[in-house]
Protein chains: 2
Amino acid sequence: MPRRKKVKLELLQCMSERKVSFRKRNTGLVKKLSELSTLCDVDVCDIILNPFHSSFDVWPSLPGVQSVLTKFRHIPEGEQTKHMYNLETFTQERIQKTREQVRKLRMENRRIEIEQIINQCMSGGSFDIKNNYNLLNDMDLVLKQDIQELFIRIKALKG
Amino acid sequence: MPRRKKVKLELLQCMSERKVSFRKRNTGLVKKLSELSTLCDVDVCDIILNPFHSSFDVWPSLPGVQSVLTKFRHIPEGEQTKHMYNLETFTQERIQKTREQVRKLRMENRRIEIEQIINQCMSGGSFDIKNNYNLLNDMDLVLKQDIQELFIRIKALKG
DNA sequence: TACCCTATATTTAGCGA
DNA sequence: GTCGCTAAATATAGGGT
């Protein structure tokens with residue numbers, strides 16, 4: 001059996017699990033922050049409310065955070081949000097990417113299904129278009145058209 | 001040839017590399033922040049000075065950061081730093097862990113080296129202690145003592 | 001509870017277009 | 001410069017102790 005499953009991105013219901021996950025991920029996060037900071041020469045800070053101690057974890061340190069905050073406040077309001085990478089842009093980007101992936105998977109499925117139909121037809125299978133349409137009920141219109149064209153070509157090929 | 005090497009944790013000298021790394025890692029960071037937030041029900045914010053646009057990336061949003069900041073300021077000064085996980089504690093923890101790993105690797109090396117010497121001796125190799133000391137010049141005192149004892153035992157064993 | 005381990009899942013460096 | 005891809009590096013869930 002697999003030792004690890006993909007975790008669903010939602011609140012961990014089990015409290016002890018949540019605690020463990022928090023500790024691990026907090027550590028990882030801080031590591032990544034420090035890496036970004038040194039690799040790219042970037043001023044970074046974060047503040048994480050630790051729900052288990054009702055205290056905050058602050059990176060890189062209290063004065064460090066305050067220094068970044070001061071710098072942040074000194075940027076003109078208009079400039080602050082320009083190029084800003086935040087929850088909104090992040091989400092938009094992810095939706096975009098996911099759509100793109102879905103598109104690709106659809107293409108791949110189309111390829112495979114078309115291949116199967118060709119194989120089926122070439123090896124003397126049925127040419128019952130209606131039946132195959134049924135099988136491929138949920139497919140895109142474009143795909144159906146492709147398949148229709150394919151059937152015609154296969155018929156022509158076979159005589 | 002390997003397509004990817006382990007990057008040294010220091011400022012990336014090549015500017016374009018740095019830029020690419022920044023974009024990728026910033027994305028990853030924000031993803032992890034959002035995961036921590038939803039998995040563990042945690043208030044999080046971060047502010048990253050984007051050195052390439054002289055602007056800030058703010059997570060999760062400007063009001064979001066301000067809300068966390070307000071909460072942060074409302075915690076009594078003494079409580080703020082209790083349990084705080086920051087650059088210092090992070091570094092201490094990593095030093096501790098690294099030492100522990102070094103210790104373990106030493107133990108493992110000892111085990112392997114001792115094994116080799118035993119094999120060498122049992123298969124009729126030399127018993128020249130001085131020579132073997134030379135080979136094992138950098139080893140711990142404890143290891144040397146262990147080996148000395150081993151030589152004696154092997155000699156006894158062989159007659 | 002708080003570690004440690006290790007098999008999976010995830011991140012990302014290096015490339016090629 | 002940007003993108004997508006892929007393999008190597010890394011993070012971490014689950015399961016021990």
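Throughout, protein chains are lettered first and strands after them, A, B, ... in sequence-line order, and every chain is numbered starting at 1.
- Here the side chain of Thr70(B) pairs a donor or acceptor atom with the backbone of Gln66(B) at under 3.5 angstrom.
- At the phosphate of dA8(D), neither OP1 nor OP2 sits under 4.0 Å from any side-chain N or O atom of Lys6(B).
- Rounding to whole angstrom units, CG of residue Leu36(A) and C1' of dT10(D) are separated by 16 Å.
- The NZ atom of Lys5(B) sits 16 Å away from the C1' atom of dT10(D) (whole-angstrom rounding).
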Under 3.5 Å donor-acceptor pairs involving side-chain atoms of residues 39-48 of chain B, not counting sequence neighbours:
residue: Asp43(B); atom: OD2; partner: Lys71(B); partner atom: NZ; Å: 2.5
residue: Asp46(B); atom: OD1; partner: Trp59(B); partner atom: N; Å: 3.4

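- Using a 4.0 Å cut-off, no side-chain N or O of Lys24(A) falls inside it from OP1 or OP2 of dG14(D).
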Atom pairs and distances, donor-acceptor, side-chain atoms in residues 9-20 of chain B, under 3.5 Å, two or more places apart:
residue: Arg18(B); atom: NH1; partner: Leu12(B); partner atom: O; Å: 3.0

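- One finds no side-chain N or O of Lys32(A) lying less than 4.0 angstrom from the OP1 or OP2 phosphate oxygen of dT11(C).
- The terminal axes of the helix from dA2(C)-dT17(D) to dA17(C)-dT2(D), fitted over 5 pairs per end, subtend an angle of 30° to the nearest 10°.
- For Lys31(B), the salt bridge (Lys or Arg N to Asp or Glu O under 4.0 Å) partners two or more places apart in sequence, or in a different chain, are Glu35(B).
- Of the residues in residues 15-23 of chain B, Ser16(B), Arg23(B) come within less than 4.0 Å of DNA chain D through at least one heavy atom, sorted by number.
- In this structure, the nucleotide among dT10(C), dG14(C), dA11(D) sitting nearest to the side chain of Lys31(A) is dA11(D).
- Separating the CG atom of Leu33(B) from the P atom of dT10(C) is a distance of 17 Å, rounded to the nearest angstrom.
- For the atom pair CZ of Arg25(A) and CG of Leu36(B), the computed distance is 7.5 Å after rounding to the nearest 0.5 Å.
- For Arg4(B) against dT6(D), no side-chain N or O and base N or O form a donor-acceptor pair under 3.5 Å.
- If you measure from atom CG of Leu9(B) to atom P of dT12(C), you get 13 Å, rounded to the nearest angstrom.
- Judged by distance alone, with hydrogens and angles left aside, the side-chain atoms of Thr27(B) form a donor-acceptor pair with the main-chain N or O of Arg23(B) at under 3.5 Å.
- Here dT10(C) presents its C1' atom at 14 Å from CD of Glu35(A), a figure rounded to the nearest Å.
- Leu29(A) has its CG atom 17 Å from the P atom of dT10(C), to the nearest Å.
- Taking atom NZ of Lys8(B) as the reference point, atom C1' of dT12(C) lies 20 Å away to the nearest angstrom.
- The ring-ring contact (aromatic ring centres under 6.0 Å, His included) analysis of residues 21-44 of chain A, with sequence neighbours excluded, yields the pairs Phe22(A)-Phe52(A).
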